Amino acid sequence: MHGSVSGRIVETEAYLGLEDRAAHAFRGVTPRTRVIFGKPGHAYIYLIYGMYDCLNIVAEPEGSAGCVLIRALEPVSGIARMRSRRPAARRDEDLANGPGKLTLAMGITRRHNGADVTSGILTVHAPVSEEPFEIGVSPRIGITHCADWPLRFFVRENRFVSRSS
DNA sequence: CAATAGATCATCT
DNA sequence: GATGATCTATTGC
């Protein structure tokens with residue numbers, strides 16, 4: 001795709017519903033969490049720490065809560081544009097190796113909240129190479145509740161993840 | 001290296 | 001009014 005900013009997702013975290021104290025949806029439907037309880041395949045985007053937007057994909061049927069936080073991306077196309085949005089990044093692997101950096105590099109903001117992800121704002125890539133890879137599992141990063149739940153998933157040995165274990 | 005501090009604001013109590 | 005699914009710069013060993 002010419003001119004598009006795209007990449008391979010290499011790190012995610014799952015956030016569940018009413019049983020997951022770390023999830024925004026834990027407290028039920030509010031103006032903010034409305035999207036999480038909506039249709040799957042839509043983007044839930046929120047502001048974190050007053051500074052960064054984080055991208056999630058709603059993953060449960062309408063009426064129940066659950067989403068996947070997209071934490072890191074291996075850039076595939078539009079790398080020059082990502083660099084222009086994140087001039088401080090010195091290496092390609094620093095462009096989108098964290099949820100806040102990722103949205104910055106891709107130009108995704110809360111303006112996309114609720115958007116249908118299957119209709120073009122994201123391009124999902126198959127693995128970049130034919131090399132086999134393994135999926136690592138670990139606790140989620142930066143949370144206080146349910147801190148030991150193994151709900152972070154990442155491509156092992158991949159240098160674009162935010163941390164390797 | 002590892003640990004800590006500060007920036008900054010929408011959301012919910 | 002307190003909190004937080006982050007990031008960067010800075011301090012200290």
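Note that the structure is predicted; figures quoted are calculated from it, not measured.
- Residue pairs satisfying the ring-ring contact (aromatic ring centres under 6.0 Å, His included) criterion with at least one member in residues 134-165 of chain A, sequence neighbours excluded, are absent.
- For DNA chain C, the contact window with chain A, defined by any atom under 4.0 Å from a protein heavy atom, covers C:dG4 to C:dT8 in 5' to 3' order.
- Near DNA chain C, defined here as any heavy-atom distance below 4.0 Å, the residues from residues 81-106 of chain A are A:Arg86, A:Gly98, A:Pro99, A:Gly100, A:Lys101, listed numerically.
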Output one line per pair: protein atom, nucleotide atom from nucleotides 8-12 of chain B, and distance, for all N/O pairs under 3.5 Å.
| from | atom 1 | to | atom 2 | distance (Å) |
| --- | --- | --- | --- | --- |
| B:dT8 | O2 | A:Tyr49 | O | 2.4 |
| B:dC12 | OP1 | A:Thr30 | OG1 | 2.1 |

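- A side-chain contact (heavy atoms from CB on, under 4.5 Å) with A:Leu95 is found for exactly one of A:Lys101, A:Arg90, A:Arg83, namely A:Arg83.
- DNA chain C is contacted by both A:Ser162 and A:His145; A:His145 maps to the nucleotide lying nearer its 5′ end (nearest heavy atom per residue).
- Across all their heavy atoms, A:Cys54 and A:Leu69 have their closest contact at CB-CD1, 3.9 Å.
- The two residues A:Thr144 and A:Ala147 come nearest to each other via the heavy atoms O-CB, 3.8 Å.
- Scanning both residues, A:Asn97 and A:Val161, for their nearest heavy atoms gives CB-O, 4.0 Å.
- The shortest non-hydrogen separation linking A:Pro40 to A:Glu62 is CD-N, 4.0 Å.
- For A:Tyr46, the ring pair (Phe, Tyr, Trp, His ring centres under 6.0 Å) test picks out A:His24, A:Tyr44, with sequence neighbours left out.
- Taking both residues in full, the closest heavy atoms of A:Ile36 and A:Ala25 are given as CG2-CB, 4.1 Å, listed atom of the first, atom of the second, then distance.
- By the 4.5 Å heavy-atom criterion applied to side chains, A:Glu157 and A:Glu131 are not counted as neighbours.
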side-chain contact (heavy atoms from CB on, under 4.5 Å) between A:Arg152 and A:Ile141, worked out:
CA-CA 8 Å; A:Arg152 171 174 173 258; A:Ile141 294 173; 3.6 Å; yes
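- Considering every non-hydrogen atom in both A:Ala59 and A:Val68, the closest pair reads CB-CG2, 4.2 Å.
- Both key distances under 3.5 Å define a Watson-Crick or G-U pair, and stretches of 3 or more such consecutive pairs in DNA chain C run B:1-7 with C:6-12, B:9-12 with C:1-4.
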Step by step, work out the salt bridge (Lys or Arg N to Asp or Glu O under 4.0 Å) result for A:Arg140 and A:Glu13.
CA-CA 6 Å; A:Arg140 295 170 291 186; A:Glu13 283 175 359; 5.6 Å; no
